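What follows is a set of notes on a single structure, which appears directly below.
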Protein chains: 2
Amino acid sequence: MQITTERLTTSLKSAGMRMTPQRAAICKALAESEAHPTAAMIYDELRPQFDSLSLATVYNTLEALVKIGVVNALGGAGDGSIHYDADTEPHVNLACISCNKIIDIPSSHVQQLDDEITSTSGYKLLGARVLYYGLCPECQKKQEN
Amino acid sequence: MQITTERLTTSLKSAGMRMTPQRAAICKALAESEAHPTAAMIYDELRPQFDSLSLATVYNTLEALVKIGVVNALGGAGDGSIHYDADTEPHVNLACISCNKIIDIPSSHVQQLDDEITSTSGYKLLGARVLYYGLCPECQKKQEN
DNA sequence: TTCTAAATTTAGAATTATTATAAACAATAA
DNA sequence: TTATTGTTTATAATAATTCTAAATTTAGAA
Ligand SMILES: [Mn+2]
Ligand SMILES: [Mn+2]
Ligand SMILES: [Zn+2]
Ligand SMILES: [Zn+2]
């Protein structure tokens, strides 16, 4: 998924922002993650490499990426914090409100849905939040006791 | 939309909760609103009728409704707070991150999408969050200056 | 290189939505 | 009635996010 990392960094540059080591690392971590991470998750992952990294920088970079429209803000998943998705191709996200994991599932209908909204809404669209939530198979088992 | 109000109240009762005046009013306000309100919006609307209403009661009731699966938590819309939707029929929500309003738009594809996820995910589904965000036509005009 | 100005990062404080707590209150039933 | 359980309320606590101002870095000019 090297393509997405560069997509994020070039988007920031196109928006007039400088590319710093911190921003590059945040873009890379977000683009290469399958986990739909939160700001804190990215911060924890990058702290070993940037021992003076600030959470504010993570938040600022994520906010910029969302505002540009190249990252989607999916919202909470049972935990109190916002999860982000660098994959803006139309797809369905599936969140477990018990273990707070979010996975992707393919769907042939989302692309059509996306086309429909894009062409008929009249809105200047920035992003999407297509997320179903519930209990994953593992957490369902744990609840049976 | 009198049907939905009763759906909410009977759901709470079926879950073993008592029906109180506060809970009934919260269900009614949520079901009759087109605004996808936040907890604070419901609180402000009901305070004239219940001058000792507590925000905690609103939050507790909303949480119960979401946990039962009869109300969807859509997440934030530019403001920092969670918006709720008592309409659990598959549909697309469209949020403006400038004026923070959320509207519904019809789509023929969402129902199929919903069927697909429901039957193939393996999750015990509780709710959905199908929301596109961007700038509404009015806020687009305001930005051109 | 050195200097300057603008952008960025950082640490920490402030904000604020949400949750937890415990006392007051209301409903149910023996 | 009395006991018991559930509910609401006011308030405190929590914690995610945002704000602020100082320190640092960057880009470009001299
Ligand atoms: Mn995803
Ligand atoms: Mn809706
Ligand atoms: Zn799970
Ligand atoms: Zn608007």
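This structure is a prediction, so every number in the text was calculated from the model and none was measured. So that the names make sense, note that chain A is the first sequence line, chain B the second, and so on, each numbered from 1.
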Under 4.0 Å between a side-chain N or O of Y59(A) and OP1 or OP2 of dT18(D)? no
Just the rounded figure in Å: distance from P of dA13(C) to CG of L55(A). 15 Å
Among dT8(C), dT10(C), dT7(D), which nucleotide sits nearest the side chain of M17(A)? dT8(C)
Q22(A) side chain N/O closer than 4.0 Å to the phosphate oxygens (OP1, OP2) of dT25(D)? no
Send over the distance from D51(A) CG to dT10(C) C1', rounded to a whole Å. 12 Å
Which is true for T57(B) with a 4.0 Å heavy-atom rule: it touches a base, it touches only sugar-phosphate, or it touches nothing? base
Just by distance, with hydrogens left out, do S107(A) and E116(B) show a side-chain donor and acceptor under 3.5 Å apart? yes
Nearest-nucleotide check on DNA chain C, E63(B) vs F50(A); residue mapping nearer the 5' end is F50(A)
N/O (side chain, S52(A)) to phosphate O (OP1/OP2, dT9(C)) under 4.0 Å: no
Rounded to the nearest Å, what distance is computed from the CD1 atom of residue I26(B) to the P atom of nucleotide dT7(D)? 13 Å
d(CG, N60(A); P, dT10(C)) in whole Å: 10 Å
Does any N or O in the side chain of R129(B) come within less than 3.5 Å of the main-chain N or O of Y133(A), such that one atom is a donor and the other an acceptor? no
Of the listed nucleotides dT9(C), dA20(C), dT18(C), the one nearest the side chain of A56(B): dA20(C)
So H91(B) and D85(B), side-chain hydrogen bond (donor to acceptor under 3.5 Å, both in side chains) or not? Walk me through it. CA-CA 11 Å; H91(B) 69 278; D85(B) 194 344; 3.0 Å; yes
Between N100(B), D87(B), D104(B), which is the residue that forms a side-chain hydrogen bond (donor to acceptor under 3.5 Å, both in side chains) with H36(B)? D104(B)
Can you measure M19(B) atom CE to dT28(C) atom P for me and round it to whole angstrom units? 12 Å
So what's dA27(D) paired with, Watson-Crick or G-U wobble, going by both distances under 3.5 Å? dT4(C)
Can you check the L46(A) CG to dT10(C) P distance for me, whole Å? 11 Å
What integer distance in Å separates R23(B):CZ from dA26(C):P? 15 Å
Among the nucleotides dT17(D), dT8(D), dT10(C), which one has an atom lying closest to any side-chain atom of I82(A)? dT17(D)
Return the nearest nucleotide to the side chain of P21(A); candidates are dA16(D), dT26(D), dT8(C). dT26(D)
I need the CG-C1' distance between L62(B) and dT19(C), as an integer number of Å. 14 Å
Could you check which of dA16(D), dT7(D), dT9(D) has an atom nearest any side-chain atom of R18(B)? dT7(D)
Taking S121(A) for the side chain and T118(A) for the main chain, is one N or O donor matched with an acceptor at less than 3.5 Å? no
